[in-house]
Amino acid sequence: MMLIPTHHFRDIERKPEYLQPEKCVPLPHPSPVGTMWFIRDGCGIACAVVTWFLVLYAEFVVLFVMLIPSRDYVYSIINGIMFNLLAFLALASHCRAMLTDPGAVPKGNATKEFIESLQLKPGQVVYKCPKCCSIKPDRAHHCSVCKRCIRKMDHHCPWVNNCVGENNQKYFVLFTMYIALISLHALIMVGFHFLHCFEEDWTKCSSFSPPTTVILLILLCFEGLLFLIFTSVMFGTQVHSICTDETGIEQLKKEERRWAKKTKWMNMKAVFGHPFSLGWASPFATPDQGKADPYQYVV
C-alpha cells in the first residue's frame with residue numbers, strides 16, 4: 001500500500017473508533033500456506049454448479065442431437081473438436097477464476113505491533129479495515145461475501161463464486177470470452193441444423209423424436225443467445241476496465257485517481273502477463289506480473 005498524506009480519507013476508515021489497533025488481534029489459526037482458495041457461499045456455489053450444468057447441457061445437445069447423427073463426418077469432426085476445445089477452456093478458466101486467490105489482504109494483521117514495525121514517518125498513515133481488521137492497501141476494497149479486503153477488487157461474481165481482483169482477473173476475462181465463443185458457435189450450428197432438418201426428413205436428422213429435438217434445440221438457442229449477450233457485454237466491460245486501469249468499484253464510486261497512469265498496452269500486460277504470448281489465451285498460464293506495482297503495499 002502506498003503511504004499517503006493524512007488529508008486523504010476513505011469511507012469508513014475515517015471513523016475514529018475504527019482506527020484503534022489495540023482492537024485488532026491476530027487470527028488464532030492462520031490459514032497454512034498453499035491452502036486452496038474457495039468461498040463457502042451457498043448462492044455462489046449454486047451459481048457455479050448451474051454454470052457447469054448449462055455448459056454440459058450445451059455439450060450434450062451439440063454432440064448427441066446435431067453432430068453424431070450427422071452424415072457429414074468432416075463437418076461433425078471439425079465442429080466437435082472446436083466446440084469441445086472451447087468448452088474445455090471455458091470450464092478451465094472458470095475453475096481458475098473460482099479457485100485462485102483474487103488478491104486477499106492478510107486478515108487480522110492490523111495489530112499495534114505490526115503497525116509499529118512499519119516504522120511510519122510523521123504525517124504518514126495506513127488505512128485499516130474495521131471488518132476484517134487488516135491493513136488496507138491502496139485500491140483495495142472489502143468484500144462482504146469473501147469477508148476479506150481484495151486488492152484491485154472489480155466486483156464479486158456469483159457465477160465464479162469469487163471476487164474478481166488483482167490475481168484472477170485474467171481467468172475471469174478468459175471465462176467470459178470462451179463462454180461467448182461457444183455460445184456463438186452453438187447458435188450457428190443450431191441454425192444450420194434447423195435448415196438441414198427442414199430440407200430433410202425430421203426423423204433422419206436426429207436420433208431423438210422430432211418434438212424432443214425441437215425442444216432441445218430451442219432451449220439451447222435460448223441459452224446460447226442469453227449467454228452470448230451477457231458474456232460479450234461483461235467481456236467488453238472488463239477489457240475497458242483493464243485498458244483504463246480503473247476497476248468497476250472505482251468507476252461506480254468515482255474515486256479520485258491516485259495511481260500512475262499507464263498506456264493501455266502496459267495495463268493489458270499487467271493483467272495477462274509480461275511479455276505478450278499465446279499464454280494470454282491459456283487459463284493454465286499464470287501471468288508474470290513483471291515489476292511490482294509501486295502503488296501498493298503488500299503485507
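Keep in mind that this is a model prediction, so the values were computed, not measured.
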Query raised in the report: Any idea how His155 and Phe172 line up, ring-wise: parallel (<30°), tilted (30 to 60°), or perpendicular (>60°)?
Result: perpendicular
Query raised in the report: Hey, is CZ on Phe60 packed in by over 12 heavy atoms from elsewhere, all under 6.0 Å?
Result: yes
Query raised in the report: Under 4.5 Å between any side-chain heavy atoms of Ile179 and Met234, yes or no?
Result: no
Requested in this report: Apply side chain to side chain contact (heavy atoms under 4.5 Å, CB included) to Gln238 and Val164, showing your working.
Outcome: CA-CA 10 Å; Gln238 286 294 302; Val164 177; 4.0 Å; yes
Query - Minimum side-chain heavy-atom gap Gln251-Thr244 below 4.5 Å - result: yes
Query - For Cys197, all residues meeting disulfide (SG to SG under 2.5 Å), sequence neighbours excluded - result: Cys205
Query - Where Trp265 and Trp280 come nearest, the two heavy atoms and their spacing - result: CH2-CH2, 3.7 Å
Query raised in the report: Is any side-chain heavy atom of His141 less than 4.5 Å from a side-chain heavy atom of Glu250?
Result: yes
Query raised in the report: Looking only at heavy atoms, which two atoms of Thr100 and Asn167 are closest? And how far apart?
Result: CG2-O, 3.8 Å
Requested in this report: Compare every heavy atom of Ser134 with every heavy atom of Lys107, then report the nearest pair and how far apart it is.
Outcome: CA-CB, 4.3 Å
Query raised in the report: In Å and rounded to the nearest 0.5 Å, what is the CD1 to SG distance from Ile150 to Cys132?
Result: 8.5 Å
Requested in this report: Look at the side-chain heavy atoms of Ile, Leu, Val, Met, Phe, Trp and Tyr, link any pair under 4.5 Å apart, and say whether Val62 and Phe53 land in one connected group.
Outcome: yes
Query - Tyr171 reachable from Leu99 in the ILVMFWY side-chain graph, under 4.5 Å edges - result: no
**Report entry** Spacing of Phe198 atom CZ and His193 atom NE2 [to the nearest 0.5 Å]
**Finding:** 11.0 Å
**Report entry** Worked verdict on Gln169 versus Thr247 for side chain to side chain contact (heavy atoms under 4.5 Å, CB included)
**Finding:** CA-CA 10 Å; Gln169 190 172 25; Thr247 67; over 6 Å; no
Query raised in the report: To the nearest 0.5 Å, what is the distance between CG (Leu216) and OG (Ser209)?
Result: 8.5 Å
**Report entry** Chi angles and distances behind the side chain to side chain contact (heavy atoms under 4.5 Å, CB included) call for Cys143, Arg148
**Finding:** CA-CA 6 Å; Cys143 174; Arg148 298 287 290 274; over 6 Å; no
Can you list, pair by pair, the side-chain donor-acceptor contacts under 3.5 Å of residues 84-93, counting residues two or more places apart and other chains?
| residue | atom | partner | partner atom | Å |
| --- | --- | --- | --- | --- |
| Asn84 | ND2 | Glu59 | OE2 | 3.4 |
| Asn84 | ND2 | Gly80 | O | 2.6 |
| Ser93 | OG | Leu89 | O | 2.8 |

Requested in this report: Check whether any side-chain heavy atom of Leu181 lies under 4.5 Å from a side-chain heavy atom of Met177, and answer yes or no.
Outcome: yes
Requested in this report: Nearest 0.5 Å please: distance from the CG atom of Leu187 over to the CD atom of Glu223.
Outcome: 9.5 Å
Query - Rounded distance (nearest 0.5 Å) linking atom CE of Met266 with atom NZ of Lys261 - result: 15.0 Å
Query raised in the report: Does any donor atom in the side chain of Trp37 or Asn168 lie under 3.5 Å from an acceptor atom in the other side chain?
Result: no
Query raised in the report: Between Asn162 and Cys146, is any pair of side-chain heavy atoms under 4.5 Å apart?
Result: yes
Query raised in the report: Taking the side chain as C-beta and beyond, is there a heavy-atom pair between Ile242 and Val173 under 4.5 Å?
Result: yes
Requested in this report: Give the ring-plane orientation class for Trp159 versus Phe227, where under 30° counts as parallel, over 60° as perpendicular and anything between as tilted.
Outcome: perpendicular
Requested in this report: Please tell me if the side chains of Thr286 and Lys170 come closer than 4.5 Å, counting only heavy atoms from C-beta onward.
Outcome: no
**Report entry** Closest approach of Ser183 to Gly224 (non-hydrogen atoms, all atoms of both residues)
**Finding:** CB-O, 3.4 Å
Query raised in the report: What about Val49 and Ile39, same hydrophobic cluster or not, with Ile/Leu/Val/Met/Phe/Trp/Tyr joined at side-chain heavy-atom distances under 4.5 Å?
Result: no
Query raised in the report: Would a hydrophobic clustering, with Ile, Leu, Val, Met, Phe, Trp and Tyr connected at side-chain separations under 4.5 Å, put Ile218 with Phe208?
Result: yes
Query raised in the report: Is the CG atom of Leu278 crowded by more than 12 outside heavy atoms at less than 6.0 Å?
Result: no
Requested in this report: Please step through salt bridge (Lys or Arg N to Asp or Glu O under 4.0 Å) for the pair Asp41 and Lys147, ending with a clear verdict.
Outcome: CA-CA 11 Å; Asp41 174 57; Lys147 296 180 175 58; over 6 Å; no
Requested in this report: Quick one: pull up NZ in Lys152 and CZ in Arg139 and give me the separation to the nearest 0.5 Å.
Outcome: 4.5 Å
Query raised in the report: Just wondering, do His94 and Trp52 contact through their side chains at under 4.5 Å, heavy atoms?
Result: yes
Report summary line: In short, Glu246 meets Ser241 closest at the heavy-atom pair O-OG, 2.6 Å
Report task. Kindly work out whether a path of hydrophobic side-chain contacts (I/L/V/M/F/W/Y, heavy atoms less than 4.5 Å apart) joins Tyr178 to Val61. Result -> yes
Query raised in the report: Between Pro137 and Val105, what is the shortest heavy-atom contact and its length?
Result: CD-CG2, 3.4 Å
For residues 67-74, dump all side-chain donor-acceptor pairs below 3.5 Å to protein atoms at least two apart in sequence or in another chain.
| residue | atom | partner | partner atom | Å |
| --- | --- | --- | --- | --- |
| Ser70 | OG | Asp72 | N | 3.2 |
| Asp72 | OD1 | Val74 | N | 3.4 |
| Asp72 | OD1 | Tyr75 | N | 3.2 |

**Report entry** Side-chain (Arg151) to main-chain (Glu166) donor-acceptor, under 3.5 angstrom
**Finding:** no
